[in-house]
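For reference, positions follow the sequence shown, starting with 1. Remember, it's 1-based here, ligands and their atoms both numbered in the order they're listed. Please read all numbers here as calculations on a predicted model, not as lab measurements.
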Amino acid sequence: MKIAVLGGDGFVGWPTSLHLSDLGHEVHIIDNLSRRWIDAELGVQSLTPMDSIQERTRIWKQETGNTIHFHLIDIAEDYQVFKNWLSANRPDAIIHFAEQRAAPYSMKSDQHKNYTVNNNVNGTHHLLNAMVELDLDAHLVHLGTMGVYGYSTVGAAIPEGYLNVGIDTMAGETVRQEILYPANPGSIYHMTKCLDQLLFQFYAKNDALRITDLHQGIVWGTHTDQTRRHDQLINRFDYDGDYGTVLNRFLIQAAIDYPLTVHGTGGQTRAFIHIQDSVRCIELALKSAPKRGDRVKVFNQMTETHRVRDLAEMISKMTGAKIAWLPNPRKEAPENDLVVENKQFLDLGLNPTTLEEGLLSEVVDVAKKFAYRVDRSRVPAVSAWTKDIAEGVERDPEHPRLRSVS
Ligand SMILES: NC(=O)c1ccc[n+]([C@@H]2O[C@H](COP(=O)([O-])OP(=O)(O)OC[C@H]3O[C@@H](n4cnc5c(N)ncnc54)[C@H](O)[C@@H]3O)[C@@H](O)[C@H]2O)c1
């Protein structure tokens, strides 16, 4: 297949591009490299030394003989350029990763809120709009997030996208319907993913676009089978307070002898997936495309759930790292349960990579190897969800006024 990977220079997009190229697909990365510019804005860098996208694709060609094409296009700003590219290339499938994906970054300031909404919602809408205009019957696979469901404890498993509800009619009957699971975003970033869902619902209904939305958990790990093949194919690896995600951050903190930063009680339960499974799920989703006229196909792309403090305790036990209990910069329930259905991917043959010491220590080893690149002052999470929280947040876990260090 000819596959366009929007956002293919990113943390999940890069190993996905390699995986699909390895399977023999013709891969075209479209990326505006905004993620690299955001590193420059924040004054941070990937823990791992990433080469330019051109250099990465050159090494891939050298190692495998396969070409991955790169096109520098901003899908949110350059509608006409993007549409012209789609028109000239007419891919069979489009994988859409190209969004600003950090919740803390999206909450940093009013400017960051605007940027995240404009970038994410316009990018997604430009894609859908252009597909209709060009009669492009490509299978669109979007990376959404488990965060669209919210993390409230309702005592039931979260279904894969749709909820079966009964609506009491005026005639006294109960009509049953499957509706999108009620959106409950916890940040501006998550809100854009909820808006994406509505855009998809409309375009699948109105224009019969074939769309799959993958509600992904937090991705952990860094290597895949393909990135291991050459030092210069290494994946990006974020550790800073905005882009670093919880499990990977703990592993890096352990590697650099920094206390594991647990926010609040650490009672937040989250869904996780290893990067190797993430790329495999995308392969499986591509093989299982909806038909024209079908509703949006939603998968929960996660393999396990964990409570944050349990993860911290496990990594502390494994590595000897201390735990820092910090005030929570987010506005969220201090504790939640999370049970998630993921039967569809299991039925398609996903064999989950669950948290086990071997893979956890591989991440710690990578982090130790590149520990010299870490700026410790960029590790704390400083983006607060509200002004009130901002005033109360203690920011530096190495500060002596920590509430407790176990
Ligand atoms: N990383 C995770 O744990 C995780 C979890 C759930 C969902 N997701 C979703 O998966 C997708 C990829 O995540 P990631 O961690 O690889 O993020 P990332 O920030 O590393 O990659 C996103 C890529 O998209 C590009 N991009 C952003 N806006 C663009 C635009 N307007 N035009 C062209 N390119 C643009 C960036 O330059 C970057 O290379 C995101 O949509 C994210 O919401 C990620």
Side-chain angles (χ1 to χ4, degrees), residues 4-17 28-42 44-48 50 52-53 56 70-79 81-82 85 94-106 115-127 141-149 185-197 213-222 224 235-238 240 242-249 270-275 277-279 281-282 285 299-303:
V5 182
L6 316 181
D9 187 46
F11 170 59
V12 192
W14 174 242
T16 301
S17 301
H28 292 259
I29 289 177
I30 291 185
D31 204 298
N32 66 349
L33 307 183
S34 54
R35 182 66 195 84
R36 293 178 186 250
W37 282 104
I38 290 174
D39 272 347
E41 173 202 341
L42 298 175
V44 294
Q45 58 183 351
S46 162
L47 175 74
T48 47
M50 290 162 73
S52 70
I53 182 68
R56 290 169 128 187
F70 169 63
H71 313 274
L72 181 66
I73 301 176
D74 187 323
I75 67 161
E77 294 284 336
D78 303 332
Y79 175 70
V81 177
F82 183 36
W85 187 88
I94 301 171
I95 307 173
H96 178 22
F97 294 101
E99 297 187 69
Q100 190 301 100
R101 69 105 174 127
Y105 184 85
S106 78
Y115 168 72
T116 303
V117 172
N118 292 338
N119 187 63
N120 294 4
V121 180
N122 282 341
T124 300
H125 189 255
H126 285 172
L127 170 60
V141 178
H142 170 253
L143 271 290
T145 162
M146 286 295 304
V148 297
Y149 301 121
S187 73
I188 293 288
Y189 155 69
H190 290 103
M191 187 187 73
T192 64
K193 294 287 187 180
C194 296
L195 296 171
D196 282 346
Q197 286 196 102
D213 200 3
L214 304 175
H215 291 180
Q216 184 166 241
I218 298 169
V219 183
W220 69 281
T222 178
T224 60
N235 200 7
R236 74 170 300 128
F237 196 2
D238 297 310
D240 61 284
D242 283 312
Y243 276 88
T245 49
V246 64
L247 177 52
N248 271 1
R249 249 163 79 76
R270 295 289 180 263
F272 293 88
I273 183 164
H274 188 266
I275 185 83
D277 285 351
S278 180
V279 304
C281 283
I282 290 159
F299 289 83
N300 288 339
Q301 183 163 312
M302 51 70 69
T303 54

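- Distance from atom 8 (N) of ligand 1 to its nearest protein heavy atom, with residue and atom name: Q216 NE2, 3.4 Å.
- Ligand 1 has no nitrogen or oxygen under 3.5 angstrom from a nitrogen or oxygen of I218.
- Checking only distances, N119 does come within under 3.5 Å of ligand 1, N or O to N or O.
- Under 4.0 Å from ligand 1, the heavy atoms of K193 that appear belong solely to its side chain.
- At least one N or O atom of R101 sits closer than 3.5 Å to an N or O atom of ligand 1.
- The backbone of L33, and not its side chain, has at least one atom closer than 4.0 Å to an atom of ligand 1 (non-hydrogen atoms only; backbone = N, CA, C, O).
- Residue Y189 places at least one N or O, backbone or side chain, under 3.5 Å from an N or O of ligand 1.
- Y115 OH to S34 OG: the interatomic distance, rounded to the nearest 0.5 Å, is 4.0 Å.
- Side-chain rings of Y149 and H215 approach one another, their centers coming within less than 6.0 Å.
- Distance check: T245 OG1 to F11 CZ gives 6.0 Å after rounding to the nearest 0.5 Å.
- At under 3.5 Å, not a single nitrogen or oxygen of T145, backbone or side chain, sits near a nitrogen or oxygen of ligand 1.
- In this structure, the protein non-hydrogen atom closest to atom 37 (O) of ligand 1 is D31 OD1, 2.6 Å.
- Checked by distance only, ligand 1 and Q100 stay at 3.5 Å or farther apart across all their nitrogen or oxygen atoms.
- For the pair R35 and Y243, the cation sits on the ring face: its NZ or CZ lies under 6.0 Å from the ring centre, inside 45° of the axis.
- Between H96 and ligand 1, no N or O atom pair is found at a separation short of 3.5 Å.
- For a threshold of 3.5 Å applied to N or O pairs, the pair formed by G144 and ligand 1 contains no separation below that value.
- Among protein heavy atoms, the minimum distance from atom 30 (C) of ligand 1 is reached at N32 ND2, 3.4 Å.
- Of the protein's non-hydrogen atoms, the one nearest atom 2 (C) of ligand 1 is V219 CG2, 3.6 Å.
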